[in-house]
Number of protein chains: 2
Amino acid sequence: MRDFGKKLRIMLIDDNANHLRGIKELISLETNYNVVGATRSANLGINLVKKYHPDVVLMDINMPEKDGLQAIQSIVKSGVQTNIVILSGYDDSDLIYRAMKLGAKGYVLKTMASSKLIDAIEEVASGKIYLPAVLSTRFFEYFQNAAKEESKTCEGENLLTTLTVRENEVLELLTEGINYKSIAQKLIISETTVKTHVNNIFQKLQVNDRTNAVLYALTHGFKSESSVSPKSAMMSAV
Amino acid sequence: MRDFGKKLRIMLIDDNANHLRGIKELISLETNYNVVGATRSANLGINLVKKYHPDVVLMDINMPEKDGLQAIQSIVKSGVQTNIVILSGYDDSDLIYRAMKLGAKGYVLKTMASSKLIDAIEEVASGKIYLPAVLSTRFFEYFQNAAKEESKTCEGENLLTTLTVRENEVLELLTEGINYKSIAQKLIISETTVKTHVNNIFQKLQVNDRTNAVLYALTHGFKSESSVSPKSAMMSAV
DNA sequence: ACTTGCCTAAATCTACAGATTGATAAAATT
DNA sequence: AATTTTATCAATCTGTAGATTTAGGCAAGT
């Protein structure tokens with residue numbers, strides 16, 4: 001939680017000198033903020049963040065030297081506890097999506113009123129997310145679209161449901177890339193029995209080999225019985 | 001875009017009779033809304049939505065008969081163009097996450113001021129997302145956490161980067177579950193060359209067979225060169 | 001000129017995958 | 001009681017996967 005007794009330490013990163021100065025002046029007007037760094041270089045900015053651990057980082061996302069998204073990643077990966085607010089000229093849904101996915105806590109357009117920037121700083125500093133309604137809508141455009149695409153692969157008579165309990169067990173081991181012999185040992189049955197099961201699985205999943213069986217399983221939401229917590233495994237797009 | 005000349009057609013689904021009545025009365029106070037249906041049954045509600053195509057569906061997410069999340073899924077799957085606003089007593093981050101992922105356009109807590117509900121209706125009816133700041137923060141708690149978990153699997157010296165261009169091409173075909181002969185035909189090289197590449201891939205990825213190579217590729221964010229648009233493939237958690 | 005890395009390829013060989021057929025016994029359905 | 005499904009196993013056979021070794025051509029860097 002934010003300590004109102006102390007000034008918020010803020011870091012600015014923007015390759016555009018004019019913007020940098022403008023923002024700096026804007027923030028200087030606020031008595032309870034303290035600009036601990038301002039730089040036009042993304043790489044330098046990242047190092048400064050690591051050194052000074054600011055409460056909030058205001059960062060442009062369009063920088064020539066280093067991609068803003070990469071910069072977010074670098075800072076997040078570094079483990080420094082800070083709150084990144086993206087300053088962007090664009091409201092592309094996928095840019096917003098990626099920035100937020102990488103761990104940005106706020107996103108503000110440069111065209112927005114400067115008061116929004118102050119709002120953003122306050123919100124993220126107190127552990128909240130700041131994403132104005134317009135940008136939130138943009139974000140969800142991408143997010144829900146991606147989710148829809150994904151759900152398509154799970155649709156249409158999921159053949160996995162036709163598998164018996166035993167076949168599920170076998171398939172689970174198959175998806176771990178284990179060979180017949182090891183599967184037989186793990187399930188304490190003979191290797192030929194395993195082969196029988198695997199063949200039945202192939203027929204049910206309408207594939208010809210284990211690689212395709214595993215692919216089918218993974219792209220159709222196969223979950224092992226044992227795994228209680230459904231591991232999230234959203235991917236790519238980053 | 002919303003046509004302000006016509007009244008917004010609204011559907012209510014809430015298993016709690018008192019809530020249902022309360023919301024109905026609340027909405028009736030607004031002159032430009034038209035409640036085209038109100039039911040305590042989730043299943044009936046879904047059918048009513050299919051029949052009457054309301055502009056907005058206000059739906060409780062805690063219903064005994066059918067899970068609210070499933071209800072969202074049913075409506076979205078049906079292809080009916082409508083905007084679902086979730087009414088919930090809980091602000092669990094994963095509940096919000098799942099509801100939004102399934103395609104809900106708004107999320108309002110029952111404890112919130114009734115004016116928020118009106119706001120939500122207006123926003124979603126005009127194609128926007130309505131997610132109050134508190135709930136947005138909750139949503140991103142889950143979202144960013146999931147993304148972090150995911151990124152872990154991609155971390156640590158991604159061996160995929162060590163692959164040559166050609167090896168990448170071969171690996172891509174491997175991940176499609178194609179055999180040596182077909183790969184050779186597709187790349188117009190001999191089968192033995194393919195084997196050589198595959199063996200090199202195995203060594204680089206530190207695996208012994210194609211199944212494990214494919215598994216490694218899929219769990220470490222393998223992307224083919226050709227795929228321009230990064231297909232999102234976020235999964236599970238639903 | 002020399003080294004290094006990549007793509008290509010052949011030959012050989014072992015081991016495992018996968019197809020096929022057939023059979024038994026228990027369990028669940030009807 | 002009769003039938004179907006499931007789980008188990010055996011034997012056989014073909015094909016492919018994958019390991020290994022050797023090697024030529026080619027491009028890029030030292």
Side-chain angles (χ1 to χ4, degrees), chain A residues 157-220 222-227, chain B residues 157-220 222-227:
Chain A
E157 281 299 321
N158 195 330
L159 298 174
L160 289 174
T161 60
T162 65
L163 299 183
T164 67
V165 178
R166 197 55 159 174
E167 285 163 354
N168 261 288
E169 292 174 15
V170 174
L171 179 54
E172 186 189 343
L173 295 175
L174 271 188
T175 61
E176 291 172 15
I178 306 176
N179 63 10
Y180 286 146
K181 197 181 285 179
S182 303
I183 293 176
Q185 286 172 359
K186 291 215 176 195
L187 297 182
I188 320 179
I189 54 180
S190 87
E191 196 173 332
T192 55
T193 306
V194 176
K195 288 188 179 186
T196 308
H197 286 311
V198 171
N199 264 294
N200 292 334
I201 292 171
F202 288 167
Q203 286 182 12
K204 287 186 179 180
L205 300 188
Q206 296 167 18
V207 296
N208 302 309
D209 53 59
R210 63 174 56 204
T211 306
N212 282 295
V214 169
L215 282 173
Y216 187 95
L218 294 184
T219 56
H220 290 75
F222 175 74
K223 310 243 180 40
S224 57
E225 314 283 306
S226 56
S227 86
Chain B
E157 282 300 318
N158 194 331
L159 298 174
L160 289 174
T161 60
T162 65
L163 298 183
T164 67
V165 179
R166 199 53 158 175
E167 286 163 355
N168 261 289
E169 292 173 16
V170 174
L171 179 55
E172 186 189 344
L173 295 175
L174 272 187
T175 61
E176 291 171 17
I178 306 177
N179 63 9
Y180 285 147
K181 198 180 287 180
S182 303
I183 293 176
Q185 287 172 359
K186 291 215 176 194
L187 297 181
I188 322 181
I189 53 180
S190 89
E191 195 174 332
T192 55
T193 305
V194 176
K195 288 188 180 186
T196 307
H197 286 311
V198 171
N199 264 293
N200 292 334
I201 291 171
F202 289 166
Q203 285 183 13
K204 288 186 179 179
L205 300 188
Q206 296 167 18
V207 297
N208 302 308
D209 52 59
R210 63 175 58 206
T211 305
N212 281 296
V214 169
L215 283 174
Y216 186 95
L218 294 184
T219 56
H220 290 76
F222 174 74
K223 311 238 183 41
S224 56
E225 313 282 306
S226 57
S227 85

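So that the names make sense, note that chain A is the first sequence line, chain B the second, and so on, each numbered from 1.
- Heavy atoms of T164(A) sit under 4.0 angstrom from primed sugar atoms or phosphate atoms, though from no base atom.
- The phosphate of dT8(D) has neither OP1 nor OP2 within less than 4.0 Å of any side-chain N or O from T193(A).
- Listed nucleotides: dC7(C), dT8(D), dA17(D). Nearest to the side chain of H197(B): dC7(C).
- Contact annotation: the side chain of K204(B) approaches that of T164(B) to within less than 4.5 Å [non-hydrogen atoms, C-beta and beyond].
- The interatomic distance linking L205(A) (CG) with dG18(C) (P) rounds to 13 Å, in whole Å.
- Figure legend: cation-pi geometry between R210(A) and Y180(A), with NZ or CZ positioned under 6.0 Å from the six-membered ring centre and within 45° of its axis.
- The CD-P distance, from Q203(B) to dG18(D), rounds to 13 Å in whole Å.
- Looking at heavy atoms from C-beta onward, T193(A) lies in side-chain contact with H197(A) at the 4.5 angstrom threshold.
- Computed from coordinates, the E167(B) CD to dC7(C) C1' distance equals 9 Å when rounded to whole Å.
- Proximity note for E191(B) (side chain, C-beta onward) versus dA17(C), dA17(D), dA7(D): the nearest is dA17(D).
- Computed from coordinates, the I201(A) CD1 to dA7(D) C1' distance equals 13 Å when rounded to whole Å.
- In this structure, of dC9(D), dT6(D), dG18(D), it is dT6(D) that holds the atom nearest to the side chain of K204(A).
- Here the side chains of N168(B) and F222(B) are in contact, with some heavy-atom distance below 4.5 Å.
- The distance between atom CZ of F202(B) and atom C1' of dA19(D), rounded to the nearest whole Å, is 11 Å.
- Using a distance-only test at 3.5 Å, with no hydrogens or angles considered, no donor-acceptor pair links the side chain of E176(B) to the main chain of L173(B).
- Between the P atom of dA17(D) and the CG atom of N208(A) lies a distance of 12 Å, rounded to the nearest Å.
- With rounding to whole Å, K195(A) atom NZ is found 13 Å from dT12(D) atom P.
- Between the side chains of S182(B) and N179(B), at least one donor N or O lies within less than 3.5 Å of an accepting N or O.
- Of the residues in residues 173-190 of chain B, those with a non-hydrogen atom less than 4.0 angstrom from any atom of DNA chain D are N179(B), Y180(B).
- Put simply, T196(B) has no side-chain N or O that comes within less than 4.0 Å of OP1 or OP2 on dA9(C).
- Side-chain contact between I183(B) and E191(B) is absent, with no heavy-atom pair separated by less than 4.5 Å.
- Protein atom CG of N212(A) is 13 Å distant from nucleotide atom C1' of dG18(C), rounded to whole Å.
- For N199(B), whose side chain is taken as the heavy atoms from C-beta onward, the closest listed nucleotide among dA10(D), dG18(C), dT20(D) is dT20(D).
- Listed candidates were dC7(C), dG18(C), dG18(D). Nearest to the side chain of R166(B) is dC7(C).
- Within the 4.0 angstrom heavy-atom criterion, no nucleotide atom of any strand lies near N200(B).
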